[in-house]
Amino acid sequence: AQKVTQAQTEISVVEKEDVTLDCVYETRDTTYYLFWYKQPPSGELVFLIRRNSFDEQNEISGRYSWNFQKSTSSFNFTITASQVVDSAVYFCALSEAIGNSGYSTLTFGKGTMLLVSP
Amino acid sequence: DGGITQSPKYLFRKEGQNVTLSCEQNLNHDAMYWYRQDPGQGLRLIYYSQIVNDFQKGDIAEGYSVSREKKESFPLTVTSAQKNPTAFYLCASSPGQRNQPQHFGDGTRLSIL
């Protein structure tokens, strides 16, 4: 069975600090997809990024960057110069194929709550 | 705007009562999902549907039921058999393929009276 571990339950930083959220996954699939979602206090999950297993190129989007390392089964997320609006729960997720249907479900980690104070 | 609409936002259930949570999407997505979220927990899959008139149990389906009579709609019923229903329920949809992200509604918070 697949598994996603987000060992950091809660992280508190002061605005403008950099912060890295860890995600470690387990899968027997050779092709898989990883996702990061943000859940602000309002509750809905917002999709941030998708990464496939055969593309290890790191990605940067503004203050966000993602470091995918297949050798350590990790897909870490860094926020540079954090802001109060970054306060949220962040989830890492791994897609799991449903047989040979071509469809999939997601396995989520337990999430990391990030608190950014002014 | 395209999206997923969950209603109601807050719901209260009396003992022995069944309640139904609504989920509608206008994204033309084939697949729809229901998750339960408890404090400090990740999202746990209750049911999912890949196509109309077909659905599958997820990891925690006991005490819940669903239907998928229309592509746009995937209502979740929390039955009286679910002894601990207090949680935040999230509905999602996706085109279905593995590389496609799921899109989520705003959630329904269910509490016991």
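No experiment lies behind these values; they were computed from the predicted model shown. Just so it is clear: chains get the letters A, B, ... in the order the sequence lines come, proteins before strands, and each one is counted from 1.
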Between [X] and chain B, which part of the residue has a heavy atom less than 4.5 Å away: side chain, backbone, both or neither?
{"X": "Glu10(A)", "result": "neither"}
{"X": "Tyr37(A)", "result": "side chain"}
{"X": "Ser42(A)", "result": "backbone"}

Open item on the list: Heavy-atom pairs under 4.5 Å with chain B: which of Asn52(A), Ile49(A), Thr31(A), Thr105(A) has the most?
Closed with: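 Looking at each of Asn52(A), Ile49(A), Thr31(A), Thr105(A) in turn, Thr105(A) comes out on top.
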Task: Among Gly109(A), Gly111(A), Ala93(A), Ser95(A), residue most engaged with chain B (heavy-atom pairs, under 4.5 Å) - done: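 The candidate making the most pairs under 4.5 Å is Ser95(A).
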- [ ] Using non-hydrogen atoms and a 4.5 Å limit, figure out which bit of Leu45(B) sits close to chain A: side chain, backbone, both or neither.
- [x]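 Just its side chain gets close to chain A.
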Task: Region of Gln6(B) that comes under 4.5 Å of a non-hydrogen atom in chain A - done: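 Interface part for Gln6(B): neither.
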Task: Approximate separation, where rounding is to 0.5 Å, of Arg68(B) CZ and Asp30(B) CG - done: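 If we round to the nearest 0.5 Å, Arg68(B):CZ and Asp30(B):CG are 7.5 Å apart.
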- [ ] State which residues pass side chain to side chain contact (heavy atoms under 4.5 Å, CB included) with Thr77(B); sequence neighbours excluded, sorted by chain then number.
- [x]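 With sequence neighbours excluded, Thr77(B) shows a side chain to side chain contact (heavy atoms under 4.5 Å, CB included) to Asn18(B), Thr20(B), Ser65(B), Thr79(B), given in chain and number order.
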Open item on the list: Using a strict threshold of under 4.0 Å (side-chain N to carboxylate O), is an ion pair present between Asp29(A) and Arg98(B)?
Closed with: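 Salt bridge between Arg98(B) and Asp29(A), a charged N being under 4.0 Å from a carboxylate O: yes.
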Open item on the list: Once you measure the plane-to-plane angle for Trp66(A) and Phe77(A), does it fall in the parallel (<30°), tilted (30-60°) or perpendicular (>60°) bin?
Closed with: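 Answer is parallel, since the angle falls under 30°.
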Open item on the list: Students often mix this up, so state it plainly: with edges at 30° and 60°, are the rings of Phe75(A) and Trp36(A) parallel, tilted or perpendicular?
Closed with: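 Ring orientation, 0 to 90° scale: tilted.
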